[in-house]
Number of protein chains: 2
Amino acid sequence: MATSARRGPYFCGVDAAMDVVSGKWKSLILWELHEHGTLRFAELRRGLPGVSEKMLVQHLREMEEDGLVNREVYPVVPPKVEYSLTEHGVSLNAALEAMALWGQERIERIGAEKISTEAA
Amino acid sequence: MATSARRGPYFCGVDAAMDVVSGKWKSLILWELHEHGTLRFAELRRGLPGVSEKMLVQHLREMEEDGLVNREVYPVVPPKVEYSLTEHGVSLNAALEAMALWGQERIERIGAEKISTEAA
DNA sequence: GACGGTACGCACCTCGGGGTGAGTACCGCA
DNA sequence: TGCGGTACTCACCCCGAGGTGCGTACCGTC
């Protein structure tokens, strides 16, 4: 998806949740917003090394449509937009925490490298 | 991926977990195996309406490499292979349950349709 | 006057995830 | 004798997710 939201018939809850998180950066965006609270566009971009601006905008728009993030636009001269999690975003993140723990164990188990940005 | 496992550097635990679940049917396979315990190839296929055999084999192989599923081959004349979850698969599924719950709420919230196969 | 920053929109292109369909060795059953 | 089932493998193709790059309106500042 990422360009075309499914919101279609799902097999089960996992499917529905994955639909919302599918996209290379969705989960990372959730995580960043979860760790830092409220972030501006450029701050998010700096927090996700490697993400393209197009993708960030695209993902943020979809997540806004999905009711995961709040998008607050300040009509000031240098554009300023702040992103934060909605209650649904927060609850989804809570669900993701279980995944994060499992992933952590897996990382240690297989001895994979980890990209530390600043807070992750 | 699905053909080329990353196992590469991860941003965080979520990323690592998502890597293992990324793939159109991975999570569904986990779920099927979780609900039915041990399944044969054809049983899995029947449980996942729409999956192609190629994808099933491919995903199962990767999940075996990732240590999520056990693959037991019986050298009998009509081929017989049984798939079941390893302890890591079980624990991953536990993490997925949180996602499933969230997804369920989302399904009800947005009023999306759901494909009921037989037990999901 | 030029450059950098902010938050994007748009066009173009690539690459690989995933689908389709055929082939395989062997058996049971009608 | 031929069809269907088991568990695949292999070859080919397609589409869309995601990357790259350029343009924008406006400002501060150097």
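We name chains A, B, ... by the order of the sequence lines, and we start the count at 1 in each one. Atoms considered below: every heavy atom in the structure, side chains included; atoms not considered: hydrogens, waters and symmetry mates.
Applying the salt bridge (charged side-chain N to carboxylate O under 4.0 Å, His left out) test to R40(A) and every residue at least two apart in sequence or in another chain returns nothing. With sequence neighbours left out, E97(A) forms a salt bridge (charged side-chain N to carboxylate O under 4.0 Å, His left out) with no residue at all. Looking at residues two or more places apart in sequence or on another chain, you find no side-chain contact (heavy atoms from CB on, under 4.5 Å) involving V77(A). With sequence neighbours excluded, the residues that form a ring-ring contact (aromatic ring centres under 6.0 Å, His included) with H34(B) are W31(B). Scored by the salt bridge (charged side-chain N to carboxylate O under 4.0 Å, His left out) test, E82(A) finds K80(A) as partners (sequence neighbours excluded). Applying the side-chain contact (heavy atoms from CB on, under 4.5 Å) test to V90(A) and every residue at least two apart in sequence or in another chain returns L85(A). Residues that satisfy the side-chain hydrogen bond (donor to acceptor under 3.5 Å, both in side chains) test with S91(A), not counting sequence neighbours, are W102(B).
Taking the six-membered ring where tryptophan is involved, the planes of F41(B) and Y83(B) are tilted, since the angle between them lies from 30° to 60°.
The nearest whole Å value for the distance from the CZ atom in F41(B) to the P atom in dG5(D) is 15 Å. Rounded to whole Å, the distance from CG on L44(A) to C1' on dT6(C) is 14 Å. Regarding R40(B), its CZ atom lies at a distance of 13 Å from the C1' atom of dC8(D), rounded to whole Å. One interatomic measurement links the two molecules: CD of E82(A) to C1' of dT6(C), which rounds to 13 Å at whole-angstrom precision. Taking atom CG of residue L56(B) and atom P of nucleotide dG17(C), one finds them 17 Å apart after rounding to whole Å. If you measure from atom CD of E64(A) to atom P of dC8(C), you get 9 Å, rounded to the nearest angstrom. Across the protein-nucleic acid pair, R61(A) atom CZ and dC10(C) atom C1' stand 13 Å apart, rounded to whole Å.
Interface residues of residues 72-81 of chain A facing DNA chain D, ordered by number: V77(A); criterion, heavy-atom separation under 4.0 Å.
In this structure, T38(A) contributes its side chain and S84(A) its backbone to no donor-acceptor pair below 3.5 Å.
Between R46(B) and dA7(D), a side-chain N or O to OP1/OP2 separation shorter than 4.0 Å is absent. Between dG17(C) and H59(B), no contact under 4.0 Å exists linking OP1 or OP2 to a side-chain N or O.
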Distances under 3.5 Å between protein N/O atoms and the N/O atoms of nucleotides 19-24 of chain C, please, pair by pair.
unit_1, atom_1, unit_2, atom_2, d
dG19(C), OP1, K24(B), NZ, 3.1
dG19(C), OP2, S52(B), OG, 3.4
dG19(C), N7, K54(B), NZ, 3.0
dG19(C), O6, K54(B), NZ, 2.3

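Along DNA chain C, the nucleotide nearest to R45(A) and the one nearest to V57(A) differ in position, and the one closer to the 5' end is contacted by R45(A).
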